[in-house]
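Shown next, in structure tokens, is the structure this report addresses.
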Amino acid sequence: MPDIFSDLQWRGLIHQTTADDHLPQWLESGSRTLYAGFDPTADSLHVGSLLPLMMLRRFQKAGHRPIAIVGGATGMIGDPSGKSAERNLLSAEALQANIAGIEAQMRHVLDFDCGDQSAVLVNNNDWMKEFSYTDFLRDVGKNFPISVMLTKDSVKSRLGSEAGLSYTEFSYMLLQAYDFVHLNKQFGCELQIGGSDQWGNVTAGIDLGRRMLSQQLYGMTCPLLTKSDGAKMGKTESGAIWLSAERTSPYQFYQYWVNVDDADVSKCLRFLTELSHKEITALDAAREAAAHQRESQKKLAEQLTLLIHGQAGLDQAMRATEIFFGAEIENLKDADLMQIFGDVPNSSFPMDQLGGEGLGLIDALVATGLQNSKGNARRMIEQGSIYVNNRRNDNLNHRLTAADLASETTIVLRSGKKKYAVLKFTD
RNA sequence: GGGGGGGUACCGAAGCGGUCAAACGGGACAGACUGUAAAUCUGUUGGCUCUGCCUUCGCAGGUUCGAAUCCUGCUCCCCCCA
């Protein structure tokens, strides 16, 4: 078996393990089954799930079998770890839809059809729903001394806070611990991985395995992927970066990574890509020497977009990037433009507006919402910040006519560096 | 309940009868520069049919040729005394 442990170590992906001295040999001496949990709070994963997902992928490529578990049952309850308040509970139907969406995305990263190492996706609700409350208390609950539960950080911090901790949340750890036991029984799963904030839940599962099954189970946590300023990776002012193309277009996804700070990019390369040590060290060196070329960011964006959105998604993102950053827009087809400007606000006008006098540029800017008043629009034009099809236009009296069409029916307006609006002319 | 102070544009804050669409600072937006960065510099920052016109200074009235500025009532906020 390949030595995955030292690769993980080199990448800085190992935060804590339950058996530092034993784990490397254990992993090398046979194909193991391991699992990680994912949050089913939305119908798509976001960038925050990329790290554990890549971890599973690394293990799979090293000859092990990954299990991704979505918390259908635990998702209805909410993990108190690292949360400052109790979360809203999800309905069963919503959960089902979310799980379906998440599975589709996992297929890009994990191989679900490769014999013994095929990835498995399970929903803990499938076994939890059969459990009666009293059975659960008898079989599982009695193995949890309250004194131990109270020492967990996730519990301690919430007990001291204003929000408090409900009994439901307090029980979360039992459910997650039981997942591990169940997966061991059903799949022979012996290793749980997760973020460093999951340590308490991971060790709870290991304890339960020892008590219920007399089994030696293992745990490993990774550092959380945070930015150098302490903020979480994957959040922007406009919200989270999602893996689904419907929620975050491939272009936006690509852009997010291209814009990662110099201080964070090396970590991202190590944590989230499969580039070799050599390639990463070379990129680090290149960045030292010529940060402005941003090779690291480009490589990172390219790798991740390719993995999540495929070659077509990457091509689309690159083409959109070229256009969004200045390339003149002309002689294109409607279909191309729609792909590139899919997530840009657009407004429709009757085709005959382009005939005769044409449509005033000022009016068009206001109609698209690119400017909120004519006075503003006028000012922006005077300041040279208005572009028609990416060609600067500082003519206050300009009127859009058929000659301005970038494709069959479309004109693209831009205000400032990157605010775009699409004008569609229809019959 | 008694006394005092105050509500100004996105925010903070000047203005206290005409020259006020309202100083100044922050923010925001734009331009130059740049690495799709930071810093810096410059411009803009109520609306419009834009060298002019219209609507804004807690709300409603009033005085005046003229009010953000003076008077009356209302309302909200802050401070002190009881």
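Predicted model, so just to flag it, every value in this text is computed and none were measured. The figures here come from the full heavy-atom set of this structure, side chains too, leaving out hydrogens, waters and symmetry mates. Numbered from 1 within each chain, the chains take letters A, B, ... in sequence-line order.
- Rounded to whole Å, atom C1' of B:rA30 lies 15 Å from atom OH of A:Y420.
- B:rG1 is paired with B:rC81 under the Watson-Crick or G-U wobble criterion, all donor-acceptor distances under 3.5 Å.
- The same atom, P, is picked in B:rA68 and in B:rA22; the two are 13 Å apart, to the nearest Å.
- Comparing the P positions of B:rU8 and B:rG52 gives a spacing of 30 Å, expressed to the nearest Å.
- Spacing of P atoms, B:rA32 relative to B:rA37, comes out at 12 Å, to the nearest Å.
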For residues 417-427 of chain A, run the donor-acceptor check on the side chains, cut-off 3.5 Å, and write out each pair with its distance to 0.1 Å, sequence neighbours left out.
{"from": "A:Y420", "atom 1": "OH", "to": "A:I323", "atom 2": "O", "distance (Å)": "3.4"}
{"from": "A:Y420", "atom 1": "OH", "to": "A:F324", "atom 2": "O", "distance (Å)": "3.0"}
{"from": "A:Y420", "atom 1": "OH", "to": "A:N390", "atom 2": "OD1", "distance (Å)": "3.0"}
{"from": "A:Y420", "atom 1": "OH", "to": "A:N390", "atom 2": "ND2", "distance (Å)": "3.4"}

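- Pair assignment for B:rG66: none, as no Watson-Crick or G-U wobble contacts are both less than 3.5 Å.
- Rounded to whole angstrom, the span from the CD atom of A:Q371 across to the P atom of B:rC29 amounts to 12 Å.
- A:H108 is linked by a ring-ring contact (aromatic ring centres under 6.0 Å, His included) to nothing, counting only residues two or more places apart in sequence or in another chain.
- For the residue pair A:R158 and A:S154, no side-chain donor N or O sits within less than 3.5 Å of a side-chain acceptor on the partner.
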Protein and nucleotides 46-50 of chain B: nitrogen or oxygen contacts under 3.5 angstrom:
{"from": "B:rG47", "atom 1": "OP1", "to": "A:S373", "atom 2": "OG", "distance (Å)": "2.9"}
{"from": "B:rC48", "atom 1": "OP1", "to": "A:K374", "atom 2": "N", "distance (Å)": "2.8"}
{"from": "B:rC48", "atom 1": "OP2", "to": "A:K374", "atom 2": "N", "distance (Å)": "3.3"}
{"from": "B:rC48", "atom 1": "OP2", "to": "A:G375", "atom 2": "N", "distance (Å)": "2.8"}
{"from": "B:rU49", "atom 1": "OP1", "to": "A:K374", "atom 2": "NZ", "distance (Å)": "2.9"}
{"from": "B:rU49", "atom 1": "OP2", "to": "A:R378", "atom 2": "NH2", "distance (Å)": "3.2"}
{"from": "B:rC50", "atom 1": "N4", "to": "A:R378", "atom 2": "NE", "distance (Å)": "2.9"}
{"from": "B:rC50", "atom 1": "N4", "to": "A:R378", "atom 2": "NH2", "distance (Å)": "3.0"}

Give every pair of a protein N or O atom and an N or O atom of nucleotides 53-57 of chain B that lie under 3.5 Å apart, one pair per line with the distance.
none

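- Between A:E103 and A:R107, at least one side-chain N (NZ, or NE/NH1/NH2) sits under 4.0 Å from a carboxylate O, which counts as a salt bridge.
- With a 6.0 Å cutoff to the six-membered ring centre and a 45° limit on the axis angle, A:R32 does not count as a cation-pi contact of A:F59.
- Residue pairs meeting the salt bridge (charged side-chain N to carboxylate O under 4.0 Å, His left out) criterion with at least one partner in residues 43-59 of chain A, sequence neighbours excluded, are A:D43-A:R247, A:R57-A:E274.
- Side-chain contact between A:L314 and A:Y254 is present, with at least one heavy-atom pair separated by less than 4.5 Å.
- Taking the side chain as every heavy atom from C-beta outward, A:E28 and A:D3 approach each other to under 4.5 Å.
- Using atom C1' as the reference point in both B:rC57 and B:rU51, the two lie 27 Å apart (nearest Å).
- The aromatic rings of A:Y167 and A:F170 lie tilted to each other, with the angle between the two planes from 30° to 60°.
- Taking a pair to require two hydrogen-bonding distances under 3.5 Å in either a Watson-Crick or a G-U wobble arrangement, B:rA9 remains unpaired.
- A donor-acceptor pair is defined here as one N or O able to donate and one able to accept, closer than 3.5 Å; such a pair exists between the side chain of A:D404 and the backbone of A:T401.
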Going 5' to 3' through nucleotides 31-39 of chain B and flagging B where a protein heavy-atom sits under 4.0 Å of the base, S where only the sugar-phosphate is that close, and - otherwise, we get SS-BBBS--
Apply salt bridge (charged side-chain N to carboxylate O under 4.0 Å, His left out) to residues A:D284 and A:R287 and explain how you reach the verdict. CA-CA 5 Å; A:D284 286 346; A:R287 198 170 55 253; 3.0 Å; yes
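- Partner assigned to B:rC33 is none, using Watson-Crick or G-U wobble distances below 3.5 angstrom.
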